[in-house]
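Throughout, a chain's letter reflects where its sequence line sits, starting with A, and its residues are numbered from 1. Heavy-atom basis, side chains included; hydrogens, waters and symmetry copies ignored.
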Amino acid sequence: MTPETLRDRLLAWYDANARDLPWRVGPADRALGVRADPYRVWLSEVMLQQTTVPHATPYFLKFTHRWPSVGDLAAEDDGEVMAAWAGLGYYARARNLLACARAVARDHGGVFPDTEERLRALPGFGPYTAAAVGAIAFDLPTNVVDGNVERVMSRLFAVETPLPDGKTELKALAAALVRDHRPGDWAQALMDLGATVCRPKAPLCDRCPVAEFCAGLAGGEPETYPRKTPKAARPHRNGVAYILTRGNEVALVRRPPKGLLGGMLALPTSDWRATGWSDEEAAAAAPVGADWRAVGEVEHVFTHFSLTLRLLRAEGDAGGLIWTPRSGLDALPSVFLKAARAGLSNLI
DNA sequence: TACCCGTGGCA
DNA sequence: TTGCCAAGGGT
C-alpha cells in the first residue's frame, strides 16, 4: 500500500466515522467550506491536553457559554477563570489560557494569528497545539503529533525505539504523510483512529481502514506498541489540611501563582513531607489557634506523588483568610474539594 | 534534558 | 488495589 492509498483509506474512513464533538466542524460541513472557530478549536485543544474527552466536554460547554469569544475571556477576572477550571487539573493551562487570551486581544486585535510560527509564540502553545490549531482552524498542512498519532505511527511502522526517545522518529513518520489536501481533516482522522480503533489497549484491528498497511499487526502484537521506558515509582507524602468554619463559611487561601495547584483556592495546609503527622503535631502547625479536632483523612494521587491528607477541623474566626460559603467550594481543586467534603461531613 | 504539573475511569 | 492511561507545555 502506498502512502497515498493509506491517506485515501483513512480520510474515507473519517468521512464515515468522524466523532461528533461540540468543538468540531465535521467532514461534511468542511467540504462545504465551513471553518471551525479558532477560539473554540484552541480552547478544546488546551482542555484536551492529557485529559479525556468525557472529562473536558462539560468544561468546554461551560466556558463557551460563559465566554463566547476570546475577547470575553480576556476581559474576565483571574479568579473567575481559575474557579471555572477547578477540577480539570493541570492549572498552569488555565493561567496560560488567560495569558494567551489577553495576548490575542492586546497584540492581535482579538483575532488568532493564522501561521504556525505566530501561534507557537502564544502562551500555552507548544508544538502540538500550534500544529493542531493551524491545521484544524486554518487548514495549514502542519504535522499534528499527539499521543494518538504517536501510537498509530508506532504500530503502522512497528517502531521499536521506546518513548520518549522515539518521539523524533515517530514525528518524522507522521510528517511524511502530511499533504496540502484536507490537512485539518487529516489531523483529526489520525486522532480519531487512535482514540476509537487504534486504542492503547485492545485495538480494534478488524475495523481498521489501514490494517493491511500495519507492520505492528503483521508482527502479531500491535497492542505492544508504542514501546515505553519504565516509569519511576511514585513517592508518598503526608500533610495536614485545616478546615476552619465560621457558621456556614469555610476559610480558604489562595495558593502561590506557580507550582502545584498554583493560583487556585485551597484549604490551608501544612507542608507535605515523607513522614506522617500526629494530631498534636498537626494542631501545633495550624495557621490559627483553635480547638482543632481530628476528623479523618483523605488519599489523593497526583502525577508524580501520592498524598495522605490528615484533616483537622475547628470553629473559629481569623483575618487574612478567604471566607467562602459551602456552596462556593466547587472552586476548589479536586484534592481540596475531597478533603472539605470529608471533613465537613456529619458522618465523621 | 529531566522533571514538574491533576484528574477520573478502567482493567 | 494498583498502575495505566487521556488531543502536552513550561522550565
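An OP1 or OP2 oxygen of C:dG8 is reached within less than 4.0 angstrom by a side-chain nitrogen or oxygen of A:Q50. Proximity of A:R120 to the phosphate of C:dG8: no side-chain N or O atom is located under 4.0 Å from OP1 or OP2.
A:P54 comes within 4.0 angstrom of nothing in the nucleic acid, heavy atoms only. Within the nucleic acid shown, A:S44 has no heavy atom closer than 4.0 Å to any nucleic acid atom. Across all strands shown, A:W42 has no heavy atoms under 4.0 Å from either base or sugar-phosphate atoms. Residue A:L21 is in base contact, counting any heavy-atom pair closer than 4.0 Å across all strands shown.
Under the 3.5 Å distance criterion, with hydrogens and angles disregarded, no donor-acceptor pair is assigned to the side chains of A:E297 and A:T308. In this structure, a donor-acceptor pair under 3.5 Å is present between the side chains of A:Q49 and A:T129. With no hydrogens or angles considered, a side-chain donor-acceptor pair links A:T161 and A:E169 at under 3.5 Å.
Between A:E212 and A:R9, at least one side-chain nitrogen of the basic residue sits less than 4.0 Å from a carboxylate oxygen of the acidic one, meeting the salt-bridge criterion. Ion pair A:R310/A:D279 flagged as a salt bridge, since at least one NZ, NE, NH1 or NH2 atom sits closer than 4.0 Å to an Asp/Glu carboxylate oxygen. Contact check on A:D185 versus A:R182 returns a salt bridge, with a Lys/Arg side-chain nitrogen under 4.0 Å from an Asp/Glu carboxylate oxygen. A salt bridge does not link A:D146 to A:R151: none of the charged side-chain nitrogens sits closer than 4.0 Å to a carboxylate oxygen. Salt bridge A:R273/A:E281: present, at least one basic N to carboxylate O contact under 4.0 Å.
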Write down the protein N/O and nucleotide N/O pairs, taken from nucleotides 8-11 of chain B, whose separation is under 3.5 Å; answer none if there are no such pairs.
unit_1: B:dG8; atom_1: OP1; unit_2: A:S334; atom_2: OG; d: 3.1

Give every pair of a protein N or O atom and an N or O atom of nucleotides 2-5 of chain B that lie under 3.5 Å apart, one pair per line with the distance.
unit_1: B:dC5; atom_1: OP1; unit_2: A:L260; atom_2: N; d: 3.4
unit_1: B:dC5; atom_1: OP2; unit_2: A:H304; atom_2: NE2; d: 2.4

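When rounded to the nearest whole Å, the span between CD of A:Q49 and P of C:dG8 equals 7 Å. Spacing between atom CZ of A:F125 and atom C1' of C:dG9 amounts to 12 Å, rounded to whole angstrom units. With rounding to whole Å, A:L119 atom CG is found 17 Å from C:dG8 atom P. For the pair A:E150 CD and C:dC5 P, the computed distance is 13 Å after rounding to whole Å. For the pair A:M47 CE and B:dG6 C1', the computed distance is 15 Å after rounding to whole Å. Atom C1' of nucleotide C:dA7 and atom CG of A:L190 are separated by 12 Å, given to the nearest angstrom. Going from atom CZ of A:R93 over to atom C1' of C:dG8 covers 9 Å, rounded to whole Å. Atom NZ of A:K171 and atom P of C:dG8 are 13 Å apart (whole Å).
Looking at heavy atoms from C-beta onward, A:E223 lies out of side-chain contact with A:Y225 at the 4.5 angstrom threshold.
With B:dT7, B:dG6, C:dA6 as the choices, the nucleotide that has an atom nearest any side-chain atom of A:V335 turns out to be B:dT7.
Put simply, CD on A:Q50 and CG on A:L88 are 12.0 Å apart, with the number rounded to the nearest 0.5 Å.
Comparing the same atom, P, in C:dG9 and in B:dG8 gives a spacing of 22 Å after rounding to whole Å. For the C1' atoms, the distance linking C:dA7 with B:dA2 amounts to 23 Å, nearest Å.
Each of A:L48 and A:N96 was matched to the nucleotide of DNA chain C holding its nearest heavy atom; the match closer to the 5' end belongs to A:L48.
In this model, a side-chain donor or acceptor of A:R19 finds a partner on the base of C:dA7 within 3.5 Å.
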